[in-house]
Amino acid sequence: MKIAIMNGTLSEAEQDYYIRHVTDKYPMSIIDKIVLEVHGDYVDVHYTLHRFREVRKMGGYCIGEPADWNPAKQAELRDTLPNPVEG
């Protein structure tokens, strides 16, 4: 996780407080970057969460994210029937 402090300085305890606040809010996410903007007595917290790519497998090959596919491959995905799972 990258931490950037802009427009001022923060002590380690203050940084830990803001980091803990973001990680408590998103416990199951991976945080890529936290930006702490200091404005006198106030701090704005901005963060970016890691985006997991949706990699699909079709025809035995991993072929990337459906949004990157051509229209024919997207139509093939729409027409694909999932295998039934019996429980």
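Heavy-atom basis, side chains included; hydrogens, waters and symmetry copies ignored.
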**Student:** Taking side chain to side chain donor-acceptor pair (under 3.5 Å) as the definition, give me every residue that meets it alongside Asn7, ordered by chain and number, with sequence neighbours left out.
**Tutor:**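 Asn7: no side chain to side chain donor-acceptor pair (under 3.5 Å) contacts found.
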**Student:** Tell me whether Leu49 is reachable from Leu36 by hopping between hydrophobic residues (I, L, V, M, F, W, Y) whose side-chain heavy atoms are closer than 4.5 Å.
**Tutor:**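 Linked within one cluster.
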**Student:** Less than 4.5 Å apart, any side-chain heavy atom of His21 and any of Val45?
**Tutor:**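 In short, these two side chains do not touch, never coming nearer than 4.5 Å.
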**Student:** Does Gln15 reach the side chain of Ile5, with side-chain heavy atoms less than 4.5 Å apart?
**Tutor:**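 Yes. Closest side-chain heavy atoms under 4.5 Å.
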**Student:** Is the shortest heavy-atom distance from the side chain of Met1 to the side chain of Ile19 under 4.5 Å?
**Tutor:**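 They are in contact (side-chain heavy atoms under 4.5 Å apart), so the answer is yes.
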**Student:** Taking only residues two or more places apart in sequence, or in another chain, which ones meet Glu37 in a side chain to side chain donor-acceptor pair (under 3.5 Å)?
**Tutor:**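 For Glu37 the side chain to side chain donor-acceptor pair (under 3.5 Å) partners, ignoring immediate neighbours, are His46.
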**Student:** With Glu14, which residues qualify under side chain to side chain donor-acceptor pair (under 3.5 Å), at least two apart?
**Tutor:**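 Testing Glu14 for side chain to side chain donor-acceptor pair (under 3.5 Å), a comparison that skips the adjacent residues, returns Ser11.
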**Student:** Do you know the tightest heavy-atom contact between Lys25 and Tyr47?
**Tutor:**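 Scanning both residues, the minimum pair turns out to be NZ-OH, 3.4 Å.
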**Student:** For residues Ile34 and Lys2, determine if any side-chain heavy atom of one lies less than 4.5 Å from a side-chain heavy atom of the other.
**Tutor:**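 No; the side chains remain at least 4.5 Å from each other.
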**Student:** About how many Å separate CD of Glu76 and OG1 of Thr80, when rounded to the nearest 0.5 Å?
**Tutor:**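 One gets 5.5 Å once the value is rounded to the nearest 0.5 Å.
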**Student:** Can you give me the closest heavy-atom contact between Met6 and Val35, atom names plus distance?
**Tutor:**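 Heavy atoms only, the tightest pair is SD-CG1, 3.5 Å.
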**Student:** Applying side-chain contact (heavy atoms from CB on, under 4.5 Å), name anything that partners Asp16, two or more places apart in sequence or on another chain.
**Tutor:**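 Asp16 satisfies side-chain contact (heavy atoms from CB on, under 4.5 Å) with Arg20 only.
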**Student:** Just so I know, are the side chains of Ile31 and Thr48 near enough to count as touching, which here means a heavy-atom distance under 4.5 Å?
**Tutor:**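 No, their side chains stay 4.5 Å or more apart.
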**Student:** Applying side-chain contact (heavy atoms from CB on, under 4.5 Å), can you list everything that pairs with Thr9, at least two apart in sequence or on another chain?
**Tutor:**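 Partners of Thr9 under the side-chain contact (heavy atoms from CB on, under 4.5 Å) test: none.
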**Student:** Of all residues at least two apart in sequence or in a different chain, which pass the ring-ring contact (aromatic ring centres under 6.0 Å, His included) check with Tyr18?
**Tutor:**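 None.
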